[in-house]
Number of protein chains: 2
Amino acid sequence: MSPNAFLGEFEQMVLLAILKQGDRAFALEVRREIEDSADRSVSRGAFYTTLDRLERKGMVEWSEAEPSGRRSGPLRRFSVTPVGLAALRASRRALESLWSGVDLFAEERP
Amino acid sequence: MSPNAFLGEFEQMVLLAILKQGDRAFALEVRREIEDSADRSVSRGAFYTTLDRLERKGMVEWSEAEPSGRRSGPLRRFSVTPVGLAALRASRRALESLWSGVDLFAEERP
DNA sequence: CACCATCGTCTACAATGTAGACGCTACAGG
DNA sequence: CCTGTAGCGTCTACATTGTAGACGATGGTG
């Protein structure tokens with residue numbers, strides 16, 4: 001709604017993972033990136049649902065890529081839009097501002 | 001459910017804000033910290049609901065503090081538990097790993 | 001041709017985010 | 001004393017986001 005609507009954590013991860021893949025990423029690559037970084041599994045449902053919602057908000061877009069000899073049907077390549085980039089920056093700024101001054105590892109004494 | 005359940009973004013902010021306030025924080029201070037850092041308003045409802053859920057997950061705890069001459073009734077002081085600290089660290093690690101290598105400001109050309 | 005694998009869609013439900021109405025206690029003014 | 005005002009926390013209700021798994025389509029393989 002508002003221009004600075006916040007991103008959910010998983011939305012952030014998806015956006016970031018696309019960016020890391022070079023901004024013309026294949027689904028499998030993106031999914032893998034998230035799983036590696038966050039060390040957890042990402043179901044297809046969770047992944048595509050989030051992508052759809054991000055698209056409806058104008059933060060990602062995609063294009064079909066002909067499989068050209070590959071297996072299966074339509075392959076997509078995903079990109080983050082300027083709107084998505086802006087949202088990412090806003091989220092990061094907010095969290096970083098809170099993180100600054102907090103030394104999480106200093107508290108590590110049970 | 002799983003030991004490394006992820007925190008929502010707002011939950012993260014609340015936890016971090018308590019920590020920043022010195023781990024024995026008053027509600028008003030915490031709320032203010034978030035509003036300042038994230039540059040948005042935080043309603044009482046949103047705030048306390050999140051605190052309750054965090055408590056149910058064992059990530060924050062609180063104690064009453066006598067107002068001793070102050071106004072109003074029971075005042076609470078909030079602290080983040082070791083469980084909360086661990087969750088914070090996990091979230092941070094995941095996001096940071098995704099952020100690394102992505103230069104958000106380099107993409108800033110419309 | 002039957003069968004398997006991969007990619008994306010859809011449905012459904014759980015968890016989180018958020019607002020605002022309520023109720024209580026204390027203090028200020030009349 | 002009674003009433004108004006204000007701060008703190010509770011509760012209800014609903015919107016948004018997170019997540020899984022069933023389903024369907026397409027192309028390759030034996």
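Here is the naming used below: chain letters follow the sequence lines, and residue numbers restart at 1 for every chain.
Atom-to-atom, CD of B:Glu9 to P of D:dA15 comes out at 21 Å; the value is rounded to the nearest Å. C:dT16 atom P lies 16 Å from atom CE of B:Met13, rounded to whole Å. The interatomic distance linking A:Leu51 (CG) with D:dT17 (C1') rounds to 14 Å, in whole Å. Distance CD (A:Glu35) to C1' (D:dG18): 15 Å, rounded to an integer number of Å. Between B:Leu54 atom CG and C:dA15 atom C1' the separation is 13 Å, expressed in whole Å. In this structure, the CZ atom of B:Arg77 is 12 Å from the P atom of D:dG9, given to the nearest Å. Atom CG in A:Leu28 sits roughly 13 Å away from atom C1' in C:dG8 (whole-Å rounding). Here C:dG17 presents its P atom at 13 Å from CZ of B:Arg56, a figure rounded to the nearest Å.
Put simply, the side chain of A:Lys57 does not reach to within 4.5 Å of the side chain of A:Val83, judged on heavy atoms. Using a 4.5 Å heavy-atom threshold, the side chains of B:Phe10 and B:Val14 count as touching. With contacts defined as side-chain heavy-atom distances shorter than 4.5 Å, the pair B:Leu85/B:Thr81 does not qualify.
Nearest-nucleotide assignment on DNA chain C puts the 5′-proximal partner with A:Phe78, out of A:Arg53 and A:Phe78.
For A:Arg76 and C:dT6, the shortest distance from a side-chain N or O to OP1 or OP2 is not below 4.0 Å. The side chain of B:Tyr48 places no N or O atom within less than 4.0 Å of a non-bridging phosphate oxygen (OP1 or OP2) of D:dT10. In this model, the phosphate group of D:dT16 is not approached by any side-chain N or O of A:Lys57 to a distance below 4.0 Å at OP1 or OP2.
At a threshold of 4.0 angstrom between heavy atoms, the contacts of B:Gly45 include nucleobase atoms, whether or not backbone atoms are also involved. At the heavy-atom level, A:Arg31 lies nowhere under 4.0 Å from the strands shown.
Nearest nucleotide to the A:Thr49 side chain, out of D:dC11, C:dC10, D:dT17: C:dC10. The side chain of B:Arg44 has D:dT10 as its nearest neighbour among D:dT10, D:dT17, C:dT18. Taking every side-chain heavy atom of B:Ala27 into account, D:dG9 is the closest of D:dG9, C:dG8, D:dG18.
Counting all heavy atoms, side chain and backbone alike, B:Arg24 lies closest to B:Arg77 at O-NH1, 2.7 Å.
Classification of the A:Tyr48-A:Phe78 ring pair by plane angle, with boundaries at 30° and 60°, yields tilted.
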